[in-house]
Number of protein chains: 2
Amino acid sequence: MSRTGLRERKKLRMRQALIDAALDLFLAQGYEQTTVEQIADAVEISPRTLFRYFSGKEDLALSHTSELEEELTAALAERPPQEPPFAALANAFRVALRQLGQSSPENVERHLKTRRLMETTPALMGRAITRMARMETRLAALVAARQGVDPGTDQRPHIVVALVVSAARIGMECPSDEVGDMGELVARVESAFALIEDALRPGWDVAPPRAAGAVS
Amino acid sequence: MSRTGLRERKKLRMRQALIDAALDLFLAQGYEQTTVEQIADAVEISPRTLFRYFSGKEDLALSHTSELEEELTAALAERPPQEPPFAALANAFRVALRQLGQSSPENVERHLKTRRLMETTPALMGRAITRMARMETRLAALVAARQGVDPGTDQRPHIVVALVVSAARIGMECPSDEVGDMGELVARVESAFALIEDALRPGWDVAPPRAAGAVS
DNA sequence: AATCTAGTGTCACACTATGACAAATGACAA
DNA sequence: TTGTCATTTGTCATAGTGTGACACTAGATT
């Protein structure tokens, strides 16, 4: 049945094993205190081989953030075209978070570990925010395509995306206390969405700006 | 007259010389193609000494972004307390940008070089965005203090800051074309501010949220 | 002038990351 | 099963960033 050969399965198991070993070591000893050599030793491979699976320590620590990004992109593509951009993005976020929450318990655990790690490691939080910024640009291009405008000259798609991503980021950042479970995290994101939605003028993202520069 | 000794003046000149040498080398050969050794050689010091002036290459390349941050923080402190948070932040940004534009021509040039460099170096853009995120947290604390709320539990200050900083970031990012002069940059930031201001419900940041979670 | 102190250079080292090449191992056909 | 091929892995070597230790120089202080 399984179309995947032994090789690919082995590769995937190695990836997971590396991520698990890395996350546990990072959380136990701290991110910068842990060397790639220790991680490689933990799964019995050479450091050189580790770099063939992951581009580096950072990639290893944040590999699960790209999963959220993939879910989000997929969810956005599923949103009906007539849905206003802000609502489409916010709903895509909701769907993506729900998807992650419904994956295997070990996977959810890995996400929570990743977030706990980020919370205590400024360098990693920085890299995660950098990734979010890159995602923002990609999402802006998607939103621009939805609306049929040019993302190069029109700042509006980027603005809409920035609003939603900012809310999500603020919601996911843990103020002082620890990340308990996925539900708590989703609740905070929802509350941030609500705050921003409340600040916005209804229908602002469907009609053109009130005082657009070139009406002539 | 000058209260500063020879030592401090020398130190400042060395800092500037290092930044200038670094920016020019980065722009000429690319950021990652340039080694700290080359920069150190250019100003006739040992690499070890360079690390006593700057924490690393990144610090060297982005040292001028902290200047904007300092101006901004200072400008925000100057805004009248009764000014609504969004307006206070946006105006502080305007003042800070004007301040930078009015500094010495060489300094303006350094800022533009820094931005050109960032535009062509993803890694640096990432670090810059990371710095912005840190600044966002600090600004949120300031805004929370202005309004007398707790930045730990209340997400609203963070949201306001995120809106303004997002607009500024989107405005400063150059879509494909090169950074010409300071005026062009300010104009794009203004246009992004206008877009976000247009999207917002007037007075949203002075009154409490319309449907705060617990009305029971 | 003698002394103190901050800054500097030299040497050494740990760690991340990458390239080159040989060895091992799964995939696949005869 | 066995031999061949492609992929993966380990070993060795190297570049580059970043730090610690320690002696030395030069400005600062009295």
Side-chain angles (χ1 to χ4, degrees), chain A residues 1-19 21-23 25-26 28-63 117 121-124 126-128 130-131, chain B residues 1-19 21-23 25-26 28-63 117 121-124 126-128 130-131:
Chain A
M1 272 296 271
S2 77
R3 299 273 309 112
T4 65
L6 174 58
R7 245 174 173 141
E8 294 179 58
R9 269 179 289 144
K10 206 173 165 185
K11 210 151 86 171
L12 281 183
R13 268 192 293 114
M14 180 63 90
R15 265 190 74 88
Q16 292 293 23
L18 278 169
I19 292 173
L23 285 179
L25 280 171
F26 290 157
Q29 324 175 334
Y31 176 71
E32 29 263 330
Q33 279 68 45
T34 305
T35 68
V36 290
E37 195 180 1
Q38 291 178 313
I39 304 168
D41 283 349
V43 295
E44 318 259 43
I45 62 170
S46 83
R48 186 65 185 87
T49 304
L50 188 150
F51 284 107
R52 292 193 175 101
Y53 281 87
F54 297 92
S55 65
K57 262 170 80 172
E58 176 237 331
D59 189 23
L60 203 39
L62 298 182
S63 112
L117 181 60
T121 313
L124 279 182
R127 306 306 295 250
T130 297
R131 287 181 174 215
Chain B
M1 274 295 273
S2 77
R3 298 277 307 115
T4 65
L6 174 60
R7 239 170 182 152
E8 293 180 59
R9 268 178 290 145
K10 206 173 165 184
K11 210 152 85 173
L12 280 183
R13 267 191 293 114
M14 179 65 88
R15 265 188 74 88
Q16 292 293 23
L18 278 168
I19 292 173
L23 286 180
L25 281 170
F26 290 158
Q29 325 176 331
Y31 176 70
E32 27 262 332
Q33 279 68 43
T34 305
T35 67
V36 291
E37 195 179 1
Q38 292 178 313
I39 303 168
D41 283 349
V43 295
E44 318 258 46
I45 61 169
S46 82
R48 186 66 185 85
T49 303
L50 187 149
F51 283 106
R52 291 190 175 105
Y53 281 88
F54 297 92
S55 65
K57 262 170 80 173
E58 176 238 332
D59 190 23
L60 202 40
L62 297 181
S63 107
L117 181 60
T121 314
L124 279 181
R127 308 306 294 247
T130 297
R131 288 182 173 215

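Because the structure is a prediction, the values reported are computed rather than measured. In what follows, chains are A, B, ... by sequence order, proteins preceding strands, each numbered from 1.
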Working to the nearest 0.5 angstrom, can you tell me the gap between B:E44 CD and B:T49 OG1?
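Answer rounded to 0.5 Å: 12.5 Å.
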Which value, rounded to the nearest 0.5 Å, describes the distance between A:T121 atom OG1 and A:F26 atom CZ?
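One finds 9.0 Å between OG1 of A:T121 and CZ of A:F26.
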Using the side-chain contact (heavy atoms from CB on, under 4.5 Å) rule, take B:L60 and B:V36 through it: C-alpha gap first, then chi angles, then the decisive distance, then the call.
CA-CA 10 Å; B:L60 202 40; B:V36 291; 5.8 Å; no
Under-4.0 Å side-chain N/O to phosphate OP1/OP2 contact, B:K10 with D:dG27
no
Phosphate OP1/OP2 of C:dG7: any B:Y53 side-chain N/O under 4.0 Å:
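False: B:Y53 side-chain N/O out of range (4.0 Å or more) of C:dG7 OP1/OP2.
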Between [atom2] of [N] and [atom1] of [X], the distance in whole Å:
{"X": "B:E32", "N": "C:dA17", "atom1": "CD", "atom2": "P", "answer": "14 Å"}
{"X": "A:D59", "N": "C:dA17", "atom1": "CG", "atom2": "C1'", "answer": "13 Å"}
{"X": "A:Y31", "N": "C:dC15", "atom1": "OH", "atom2": "P", "answer": "14 Å"}
{"X": "B:E8", "N": "C:dT5", "atom1": "CD", "atom2": "P", "answer": "17 Å"}
{"X": "B:K11", "N": "D:dA28", "atom1": "NZ", "atom2": "C1'", "answer": "13 Å"}
{"X": "B:Q33", "N": "C:dT18", "atom1": "CD", "atom2": "C1'", "answer": "14 Å"}

Can you name the closest pair of heavy atoms from A:E32 and A:K57 and give their distance?
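Closest pair (atom of A:E32, atom of A:K57, distance): CA-NZ, 3.7 Å.
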Using a 4.0 Å cut-off on heavy atoms, which residues in residues 37-52 of chain B reach DNA chain D? List them by number, or say none.
B:R48, B:F51, B:R52
Would a distance-only check, ignoring hydrogens and angles, find a side-chain to backbone donor-acceptor pair under 3.5 Å from A:Q16 to A:R13?
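Side chain of A:Q16 to backbone of A:R13: no pair is present.
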Are any side-chain N or O atoms of B:Y31 and backbone N or O atoms of B:E58, one a donor and one an acceptor, separated by less than 3.5 Å?
yes
Can you tell me the base-pairing partner of C:dA30? Count Watson-Crick or G-U wobble geometry only, both distances below 3.5 Å, and say none if there is no partner.
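Pair assignment: C:dA30 / D:dT1.
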Starting at the 5' end of DNA chain D, which residue's closest nucleotide do you reach first, B:G56 or A:M14?
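First, find each residue's nearest nucleotide; the 5'-ward one identifies A:M14.
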By side chain to side chain contact (heavy atoms under 4.5 Å, CB included) - contacts of A:D59 (at least two apart)
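Only A:F54, A:S55, A:R131 meet the side chain to side chain contact (heavy atoms under 4.5 Å, CB included) criterion with A:D59.
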When all nucleic acid strands are considered with a 4.0 Å heavy-atom cut-off, which category describes A:F54: base, sugar-phosphate, or nothing?
nothing
